[in-house]
> 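Here it is, the structure, as C-alpha cells.
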Amino acid sequence: ETTGVKPSIFRFPGGSINAYNEDVYKDIIQEMERRGFTYFDWNVASSDAAPNVTAKTITHNVISEVSIHSRSIVLFHDSHWETETVTALDGIIRNLKNSGYAFDRLTNKDKPLVFSHK
C-alpha cells in the first residue's frame, strides 16, 4: 500500500522447504500460487546472516558460488545489523561485472529458481 505496487513475487523465510514447513510446504506453495504469487528460492547463499561474518567472507562466498551456476540468485539479507553485507556489495558487484556478469531484478515473468521438493 505504501509504494502503490502490489507484490507478485516472494521468498519464503528459510526457503520454500525447510525444517519448519516440511509437512505443509506443498499446501503453502499451492495456496500462494492460487493467489497469483511466484516464489523464488536461491542457489547462492552469501551467508551474511552468520555470526561474526566478515565482508571478505561474504565476498568470497558469493563470487565462488556464482561461478558454478549458469544463472544465480543470491540470498542477501537487508537487516539494519547486516553492515558487513553493505560493505561487501561494492566489491562483489565490481568483481562480477568485470567477469562479464549482468544484474537484473526478478519479476513474475522470470522462470523461478526453486529448491528440489520431495
Side-chain angles (χ1 to χ4, degrees):
E1 292 173 2
T2 300
T3 65
V5 177
K6 183 178 177 185
S8 61
I9 65 171
F10 75 101
R11 176 183 70 83
F12 284 94
S16 60
I17 182 168
N18 58 62
Y20 300 105
N21 74 0
E22 62 188 343
D23 294 334
V24 295
Y25 73 89
K26 290 179 183 175
D27 295 332
I28 296 170
I29 289 169
Q30 184 178 33
E31 178 62 20
M32 294 306 287
E33 289 175 341
R34 184 190 71 74
R35 293 179 183 209
F37 288 92
T38 302
Y39 73 95
F40 288 81
D41 286 317
W42 59 90
N43 60 354
V44 175
S46 67
S47 299
D48 63 342
N52 303 312
V53 69
T54 64
K56 182 177 179 178
T57 300
I58 294 168
T59 300
H60 171 77
N61 292 344
V62 173
I63 291 170
S64 63
E65 288 293 314
V66 164
S67 68
I68 63 173
H69 300 286
S70 61
R71 174 180 174 238
S72 296
I73 296 179
V74 181
L75 175 64
F76 287 109
H77 297 85
D78 65 352
S79 303
H80 69 278
W81 58 82
E82 305 295 350
T83 58
E84 292 298 299
T85 303
V86 175
T87 302
L89 278 175
D90 184 60
I92 291 169
I93 292 168
R94 286 177 193 267
N95 183 296
L96 293 176
K97 279 188 171 183
N98 289 339
S99 296
Y101 289 92
F103 296 81
D104 206 349
R105 64 188 175 97
L106 295 174
T107 72
N108 60 359
K109 294 179 181 176
D110 293 310
K111 180 180 179 191
L113 189 151
V114 298
F115 294 155
S116 295
H117 297 131
K118 302 174 189 173

> Nearest 0.5 Å, what's the CD1-CZ distance between Ile9 and Phe37?
10.5 Å
> Are Leu96 and Leu113 linked, directly or through intermediate hydrophobic residues, by side-chain heavy-atom contacts shorter than 4.5 Å (ILVMFWY only)?
no
> Nearest 0.5 Å, please: how far is CD1 in Ile73 from CG in Leu106?
5.0 Å
> Flag the pair Phe10 / Phe12 as yes when their ring centroid distance falls below 6.0 Å, and as no otherwise.
yes
> So, for Ser116 and Ile17, which heavy atoms are closest and what is the spacing to 0.1 Å?
O-CG2, 4.4 Å
> Any side-chain heavy atom of Gln30 within less than 4.5 Å of one from Arg34?
no
> For the atom pair CD1 (Ile92) and CD1 (Ile58), what is the distance rounded to the nearest 0.5 Å?
7.0 Å
> Give me the atom names and distance for the closest heavy-atom approach of Ala55 to Glu84.
N-OE1, 2.7 Å
> In terms of hydrophobic clusters joined by side-chain contacts under 4.5 Å, are Val74 and Phe103 together?
yes
> Could you state whether Val24 and Tyr39 fall into the same hydrophobic cluster, counting links through intermediate Ile, Leu, Val, Met, Phe, Trp or Tyr residues with side-chain heavy atoms under 4.5 angstrom apart?
yes
> Report yes if some heavy atom in the side chain of Ser16 is under 4.5 Å from a heavy atom in the side chain of Ile29; otherwise report no.
yes
> Does the His69 side chain pair with the main chain of Asn43, one donor and one acceptor, at a distance under 3.5 Å?
yes
> When rounded to the nearest 0.5 angstrom, what is the spacing between CD in Glu65 and OG in Ser67?
7.5 Å
> If you compare all heavy atoms of Asn18 against all heavy atoms of Pro13, which two are closest, and at what distance to 0.1 Å?
ND2-O, 3.3 Å
> When you group the ILVMFWY residues by side-chain heavy-atom contacts below 4.5 Å and let the links chain together, are Phe115 and Leu75 in the same group?
yes
> If hydrophobic clusters are built by linking Ile, Leu, Val, Met, Phe, Trp and Tyr wherever their side-chain heavy atoms come under 4.5 Å apart, do Trp42 and Ile63 end up in the same one?
no
> Apply the test side chain to side chain contact (heavy atoms under 4.5 Å, CB included) to residues His60 and Lys56: give CA-CA distance (whole Å), side-chain angles for both, the deciding distance (0.1 Å), then the verdict.
CA-CA 6 Å; His60 171 77; Lys56 182 177 179 178; 5.8 Å; no
> Would you indicate whether Arg71, at its atom CZ, is surrounded by more than 12 heavy atoms from other residues, nucleotides or ligands within a distance under 6.0 Å?
yes
> Could you measure the distance from the CD1 atom of Ile93 to the CG atom of Asn98? Nearest 0.5 Å is fine.
11.5 Å
> Closer than 3.5 angstrom, by distance alone: can the side chain of Asp41 be matched with the main-chain N or O of Val114 as a donor-acceptor pair?
no
> Atom CZ of Phe76 and atom CG of Asp48: how far apart are they, to the nearest 0.5 Å?
6.5 Å
> Given side chains that start at C-beta, do those of Asn21 and Ile28 come closer than 4.5 Å, heavy atoms only?
yes
> Search all heavy atoms of Asn108 against all heavy atoms of Ser8 and return the closest pair with its distance.
ND2-OG, 3.3 Å
